[in-house]
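Naming convention: chains lettered A, B, ... in sequence-line order (proteins, then strands); numbering from 1 in each chain. What you are looking at is a predicted structure, and each value in this text was computed from that prediction instead of being measured.
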Amino acid sequence: MVGRRVAGVTVRHPRTARLNASTDEVETRLMGRRFESLARHGKFLVADLDDGQRLIAHLGMSGRFSLANPDTESPPHTHVVIVLDDGTEVRFIDPRTFGFLAVVDEDEIAGSPIARLGPDLWVSPPTAEELATRLSGRTAPIKALLLDQAIVAGLGNIYADEVLHHARIHPLTPGGEVGPGRAGALAEAMTLVLSEAIEVGGTTLDDLAYLLPDGAAGENVDRLAVYGREGEPCPRCGGVVERIVLRGRSTHYCPMCQV
DNA sequence: ACCTCCCTGGCC
DNA sequence: GGCCAGGGAGGT
């Protein structure tokens with residue numbers, strides 16, 4: 001994809017282009033451009049274009065990109081098709097339309113969603129001190145702060161629960177009360193939980209929304225300590241995993257060893 | 001710094 | 001037939 005030029009582009013679903021003025025705007029801005037780089041920041045994909053614009057993409061809950069031969073039929077929910085100058089089709093498929101594609105110019109980058117992201121936790125894992133600083137004075141529950149991509153970018157609901165379990169921190173703990181010592185445990189847990197999950201291909205739930213590029217399921221669901229395990233024993237202490245709803249997100253933790 | 005909303009497939 | 005899952009934007 002990098003080095004290729006856009007020879008054609010169709011945005012079929014207005015919601016997928018909702019950060020731009022219209023589907024037409026996305027098409028017009030992309031047409032003829034060359035992809036100069038491709039990167040990830042947190043859960044966002046960012047491609048630099050040859051005229052200083054950027055293509056920003058988010059997969060939301062159910063989005064995926066597929067590189068396909070144009071002779072093959074597009075699967076259902078294919079909302080964007082980008083034809084590259086070598087004939088390859090880049091398809092954006094997203095049943096639940098929580099994902100989006102946006103093309104921003106240089107002046108718009110500062111106001112775009114990626115401008116508000118904190119450091120990517122995989123590329124630039126926070127030190128204990130950095131994390132403690134970012135949490136200090138915050139009264140919101142630590143679980144909510146882990147999901148706030150402006151603090152650290154990259155954690156979603158499943159891994160936030162798993163990270164807190166690993167660090168033995170109760171999800172309702174006010175951020176400012178985590179303190180420097182436990183911030184260290186938290187920082188370590190972020191990298192550890194993610195690397196273990198990535199090692200086995202990530203977390204594919206029963207809905208099969210996330211699959212590896214070859215269509216295989218990731219195996220990390222078997223390793224989850226608390227997420228989706230309400231009523232089951234905590235693998236560390238044997239306590240019974242509880243589920244609460246926090247800010248509209250299901251939250252799982254062990255009341256015995258997370259304090 | 002909060003809350004509401006958006007969306008569809010899968011399951012009860 | 002209704003509920004649930006979860007990401008971020010945008011409004012208050």
Inset, instruction - Have a look at A/S62 and say if it touches a base, only the backbone sugar-phosphate, or nothing, with a 4.0 Å heavy-atom cut-off. - result: nothing
Legend entry - A/R116 CZ - C/dG8 P separation (whole Å): 11 Å
Inset, instruction - Ignoring backbone atoms, establish whether A/R249 has a side-chain N or O less than 4.0 Å from OP1 or OP2 of C/dG8. - result: no
Inset, instruction - Would you indicate which nucleotide in C/dG8, B/dC6, C/dA5 comes nearest to any side-chain atom of A/F100? - result: C/dG8
Legend entry - Within residues 137-156 of chain A: residues closer than 4.0 Å to DNA chain B (heavy atoms): A/R138, A/A140
Inset, instruction - Assign the ring pair A/H13 / A/H79 to parallel, tilted or perpendicular, where the plane angle (0 to 90°) is split at 30° and 60°. - result: perpendicular
Legend entry - Within residues 131-148 of chain A or reaching into it, pairs that qualify as side-chain hydrogen bond (donor to acceptor under 3.5 Å, both in side chains) - sequence neighbours excluded: A/K143-A/N157, A/K143-A/D161, A/K143-A/T251
Legend entry - Connected-component partners of A/F98 among ILVMFWY, side-chain separation under 4.5 Å: A/M61
Legend entry - Nearest-nucleotide pick for A/F44, side chain only, options being C/dA5, C/dG8, B/dC6: C/dG8
Inset, instruction - Would you classify A/R247 as touching base, sugar-phosphate or nothing, given that sugar-phosphate means primed atoms plus P, OP1 and OP2, and contacts are heavy atoms under 4.0 Å? - result: sugar-phosphate
Legend entry - Close approaches to DNA chain B from residues 190-211 of chain A, in residue order (heavy atom, under 4.0 Å): none
Inset, instruction - For the helix from B/dA1-C/dT12 to B/dC12-C/dG1, measure the angle between the helix axis at one end and the axis at the other, each built from five pairs, rounding to 10°. - result: 40°
Inset, instruction - Answer yes or no: does a side-chain N or O of A/H58 lie under 4.0 Å from OP1 or OP2 of C/dG8? - result: yes
Inset, instruction - Give a yes or no answer on whether the side chain of A/D48 reaches the backbone of A/R54 with a donor-acceptor pair at less than 3.5 Å. - result: no
Inset, instruction - Can you sort out the partners of A/F35 under ring pair (Phe, Tyr, Trp, His ring centres under 6.0 Å), two or more places apart, ordered by chain and number? - result: none
Legend entry - Pair A/V11-A/N20, side-chain contact (heavy atoms from CB on, under 4.5 Å): steps then yes or no: CA-CA 12 Å; A/V11 182; A/N20 279 104; over 6 Å; no
